[in-house]
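First the structure, in the form of structure tokens, and then the observations on it.
Nothing fancy with the numbering, it's 1 onward along the sequence. Both backbone and side-chain heavy atoms feed into the values below; hydrogens, waters and symmetry mates do not.
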Amino acid sequence: MIKSLMSLAALTLAASSTAQEAEVAPSLPDLTMEQETALRCGVAFALVQNGKVAGDASVQDYPEPGERGREFFVRTTAQLMEQTGANREAVGMLVIREVKSLKNNPQTLREIMPACMMMLDSSGL
């Protein structure tokens, strides 16, 4: 299940628009501020890591989240399913929403990365 979410995130990062946009979205759970922050940071780690691998100059100055960032993303999405009762599809749509938000506002990524790296460090991963 978690591998499917990582695959979904990878596909979303690679595509600027998908057929899923035309489909009816599942009901998305309301997230707490803590859940929203963890999800946003997990997606930020995925964006930065994928950008570094692809040679994207806009992310080269960020610290590399590496395996720790990937594990943070995986644990965050699993926790969201447990805590909210949302299914994989709904959590995937939350991931897609965050990817779009961060890709549409690159300055936001720059603003949140220091706090996200602190969150990653404090997570014990």
Side-chain angles (χ1 to χ4, degrees):
M1 182 181 319
I2 298 303
K3 272 190 163 185
S4 297
L5 279 174
M6 288 301 293
S7 296
L8 176 60
L11 289 173
T12 303
L13 293 172
S16 60
S17 65
T18 66
Q20 291 175 343
E21 292 175 315
E23 294 177 14
V24 175
S27 176
L28 300 181
D30 291 327
L31 302 181
T32 65
M33 184 182 298
E34 181 180 316
Q35 291 167 331
E36 285 180 18
T37 302
L39 179 63
R40 179 163 277 202
C41 286
V43 169
F45 297 146
L47 284 170
V48 168
Q49 189 64 37
N50 286 348
K52 284 185 173 282
V53 169
D56 181 350
S58 70
V59 299
Q60 295 309 313
D61 291 340
Y62 297 126
E64 189 161 334
E67 191 61 34
R68 292 174 50 214
R70 182 177 185 270
E71 184 64 21
F72 185 93
F73 176 87
V74 169
R75 288 185 186 192
T76 296
T77 55
Q79 287 174 345
L80 287 176
M81 287 187 276
E82 287 177 24
Q83 293 170 351
T84 66
N87 63 21
R88 182 176 36 141
E89 184 180 17
V91 172
M93 294 303 293
L94 291 170
V95 168
I96 289 169
R97 184 174 68 189
E98 285 301 322
V99 167
K100 287 179 182 178
S101 174
L102 290 173
K103 283 189 143 198
N104 289 336
N105 302 299
Q107 183 60 31
T108 301
L109 184 62
R110 182 166 306 286
E111 292 168 358
I112 67 169
M113 277 306 288
C116 288
M117 291 305 295
M118 286 175 41
M119 182 182 267
L120 180 59
D121 290 340
S122 69
S123 73
L125 296 174

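Within a 6.0 Å radius of CD in E34, other residues, nucleotides and ligands contribute 12 heavy atoms or fewer. Surrounding CG of D30 are at most 12 heavy atoms belonging to other residues, nucleotides or ligands under 6.0 Å away.
Side-chain contact between L47 and V59 is absent, with no heavy-atom pair separated by less than 4.5 Å. Residues R68 and S123 are not in side-chain contact: their nearest non-hydrogen atoms beyond the backbone lie 4.5 Å or more apart. By the 4.5 Å heavy-atom criterion applied to side chains, P65 and F72 are not counted as neighbours. Residues V48 and L109 are in side-chain contact: their nearest non-hydrogen atoms beyond the backbone lie under 4.5 Å apart. No side-chain heavy atom of L80 sits less than 4.5 Å from a side-chain heavy atom of P29.
Closest heavy-atom contact between M113 and A44: SD-CB, 3.9 Å.
The distance from atom OG of S58 to atom NZ of K52, rounded to the nearest 0.5 Å, is 10.0 Å. Interatomic distance, CG of L120 versus CG of L125, reported as 6.0 Å (0.5 Å rounding). Atoms CG and CD, on L39 and E98 in that order, are 5.0 Å from each other to the nearest 0.5 Å. Remark: R40 CZ to M119 CE distance equals 12.0 Å, nearest 0.5 Å. Rounded to the nearest 0.5 angstrom, Q79 CD and M81 CE are separated by 10.5 Å. One distance of note links CZ of F45 with CE of M117; it measures 5.5 Å at 0.5 Å rounding.
Every residue two or more places apart in sequence or in another chain that forms a side chain to side chain donor-acceptor pair (under 3.5 Å) with E71 is listed here: R75. Under the salt bridge (Lys or Arg N to Asp or Glu O under 4.0 Å) criterion, E67 pairs with R70, not counting sequence neighbours.
Residues L102 and L28 are members of one and the same hydrophobic cluster, defined by side-chain heavy-atom contacts under 4.5 angstrom among Ile, Leu, Val, Met, Phe, Trp and Tyr.
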